[in-house]
Number of protein chains: 2
Amino acid sequence: MNIKELARRAGVSISTISRVINNSAYVSPEIRERVEAIIAETGYRPNSLAKDLLRNKTDTIGVLLPRIDLPTFAAMFEGVTDVLNQNGYNILLANTRDKHDDELKYFQLFYEKRVDGVIYFATGITEEHVRLVKQIRMPLVVLGHSGEAFSCSAVRLENFGAAKAMVQHLLELGHRRIGCIAVPDHDVDISTHRKQGYRSALEEAGIDFDERLVSIGDFEYPWGERGAAALMSLPDTADRPTAIFCITDRLAVAASGWLQRSGYRVPQDVSVACIDDPVLLSYTQPRVTTMSFDYHRAGATAGQMLINRINGTQAEPRETFMPFSFRLRDSTGPCPSG
Amino acid sequence: MNIKELARRAGVSISTISRVINNSAYVSPEIRERVEAIIAETGYRPNSLAKDLLRNKTDTIGVLLPRIDLPTFAAMFEGVTDVLNQNGYNILLANTRDKHDDELKYFQLFYEKRVDGVIYFATGITEEHVRLVKQIRMPLVVLGHSGEAFSCSAVRLENFGAAKAMVQHLLELGHRRIGCIAVPDHDVDISTHRKQGYRSALEEAGIDFDERLVSIGDFEYPWGERGAAALMSLPDTADRPTAIFCITDRLAVAASGWLQRSGYRVPQDVSVACIDDPVLLSYTQPRVTTMSFDYHRAGATAGQMLINRINGTQAEPRETFMPFSFRLRDSTGPCPSG
DNA sequence: CTGTTAGCGCCTTCAA
DNA sequence: TTGAAGGCGCTAACAG
């Protein structure tokens, strides 16, 4: 079914059909009624492809992300979609599932599908990314990294500050041997900056950095166990940490579970703290002290920035940092031997 | 930049350009080279809208779901996207955020955008849904419900069996007063069937159903606390449950946390069990006994069914039930007063 | 081997 | 107030 067939059945021209569909001009009531009846009866819906081709706009935004099954990404994503949907945009979603090399392919896809803009949950930006994006000139907003390389707006997190403040909290509780369960430096904003915050807090407190207190793995639960186990099995008991700072929530949950199953009380024997605050952390036993970011808001901000960029409301690149807030719960306490 | 401009610059016709882009016919090496050089230099990429309009195919699948921030949905979604991406499809994602009424709007959108098929994470199917889908005749696969109303294939979960088997596990441990934290009957497959499984197991064991042992709330953590609190505050101590069966994982985590904070040992005083097995449940304290569904596989199966339907490989509707598997962990134990 | 032409379905002047 | 015609960017006959 198309506009031509509709016109034939209604005994009018295709322009008239177009007019009633879009209310774009006056149509005599009788004709309008007749056409509407036929539309209702046939269940006709215009072909958006044809329309989009003509108006050179798709009302679709490409969203590129490495995974969606982490609460943090899911929350940002829902923030993005909330504002985009409210503004009449649809989402073409590319989930690379951590296959970083596929990102370039998806940028091309977005361009070929002529999306009106792109939200990019960045993990690592290469020169190829930059060249490609420059070439295709699509409105772009980066989430989780600087947008400088692309000369575009970005929404970032105060990762350094959050990590530093959390370690300072542990220092204030009297802890001196503070372990850190972290991840490699693939993802600049999270892994590097949070680790830097940890080191910076120690440094300012005049505590020497001890490499044996840092355990590097990945973001997943199993590593929280393994990391905690590694730290608590340092040969000299005096070397073992009295507090463990985890770079993200899953590591803390698993570390806390392992500690308890291994006979340590949390926080009486060992404190556990982290960054990121999925609802879960308020319901585990014990509840976990953390630094909270409003991920939904971060996503919504990025979405709004992109809309402003498309509208021309805000042409100049701008960078927003999301603040953290301290959530004191039950997993941190005074240093025992302190 | 378009094919016409390219033709002008290369001094050839647009068909020649098309031929080199698509490798659809022989082109003399010199011309091919010249054209490819210009393409590389301009960064030209064909407009998919025009192509899709012509071939009447978009290589895009619409995915309609109520939310993406639950591990179960996220896992199914990634299963879907894995097989679809592997088969060259892209994803137009509609996240209703539990606004059930928007579903119809998104079905229309999918049709207007001429997606090649739809995966529908169904929560409640109304007559309007059926009428609309019948009218637009798109290949469709339903996830989480019967596809009967649409005469389409579906992937479902053995919710009844999983719930029944879990309650039977508790019965075998000697429990007679088994609480249930559940949700209202909005979502047939999960809420109703799992509750029915609970009742069926009790019935077969000759235990009278006690309404006071069922607490109805929602899927979120806070309700796990409130539900557990309600069950454990029945006036007569003898009425209180010695085991709590939760309809899904979040409720169990929160219930277990609340019990421990309220002075109950899990499982020595009260056992906790549930259905659904996000990785988390292996890392909480205690680890939670549950029935596991392979959600990723469920999604992948749905994706493959849709592809088969589009190819014509499998035209007849078919229904697959995903089996459950028992994960015995640390949150369930013998009935104390046994 | 390459160019010309006719649409895909729709919107938008421009006439009438 | 309505109709005719051109064109969005591309592919696929059909000529040459």
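In what follows, chains are A, B, ... by sequence order, proteins preceding strands, each numbered from 1.
- The stretch residues 27-36 of chain B comes close to DNA chain C through B:Val27, B:Ser28, B:Ile31, each having a heavy atom under 4.0 Å from the strand.
- Donor-acceptor pairing under 3.5 Å is lacking for the side chains of B:Asn85 and B:Thr81.
- Annotation: cation-pi geometry not satisfied between B:Arg297 and B:Tyr295 (NZ/CZ under 6.0 angstrom from ring centroid, within 45° of ring axis).
- Pairs of residues two or more places apart, or lying in two chains, that qualify as salt bridge (charged side-chain N to carboxylate O under 4.0 Å, His left out) and include a residue from residues 115-126 of chain A are A:Lys57-A:Asp116.
- For the pair A:Asp52 CG and D:dG9 C1', the interatomic distance rounds to 13 Å; values are reported in whole Å.
- For the residue pair B:Glu103 / B:His129, a side-chain donor-acceptor distance below 3.5 Å is found, with atom types taken as modelled.
- Rounded to whole Å, atom P of D:dG9 lies 17 Å from atom NZ of A:Lys57.
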Residue pair B:Phe107, B:Tyr120: steps toward the ring pair (Phe, Tyr, Trp, His ring centres under 6.0 Å) verdict = CA-CA 9 Å; B:Phe107 268 114; B:Tyr120 175 39; 5.2 Å; yes
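- The aromatic rings of B:Tyr106 and B:Phe110 are tilted relative to each other, their planes meeting at an angle between 30° and 60°.
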Could you pull out all donor-acceptor pairs under 3.5 Å where a side-chain atom in residues 4-13 of chain B meets a protein atom, sequence neighbours excluded?
residue	atom	partner	partner atom	Å
B:Glu5	OE1	B:Arg8	NE	3.3
B:Glu5	OE2	B:Arg8	NH2	3.0
B:Glu5	OE2	B:Arg9	NE	3.1
B:Ser13	OG	B:Ser15	N	3.4
B:Ser13	OG	B:Ser15	OG	3.4
B:Ser13	OG	B:Thr16	OG1	3.4

ask   = Along nucleotides 9-16 of chain C, 5' to 3', which nucleotides get a B, which get an S, and which get a -, given that the test is a protein heavy-atom distance under 4.0 Å?
value = BBBBB---
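- We find the CD1-CE distance between B:Ile68 and B:Met76 to be 9.5 Å, quoted to the nearest 0.5 Å.
- Of all heavy-atom pairs between B:Ile125 and B:Ala149, the closest is CG2-CB, 4.5 Å.
- Over its full length, the helix from C:dC1-D:dG16 to C:dA16-D:dT1 turns its helical axis through 50°, comparing axes from the five pairs at each end and rounding to 10°.
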Could you give the side-chain donor-acceptor pairs of residues 303-310 of chain B under 3.5 Å, partners two or more places apart or in another chain?
residue	atom	partner	partner atom	Å
B:Gln304	NE2	B:Asn308	OD1	3.1
B:Asn308	ND2	B:Gln304	O	3.4

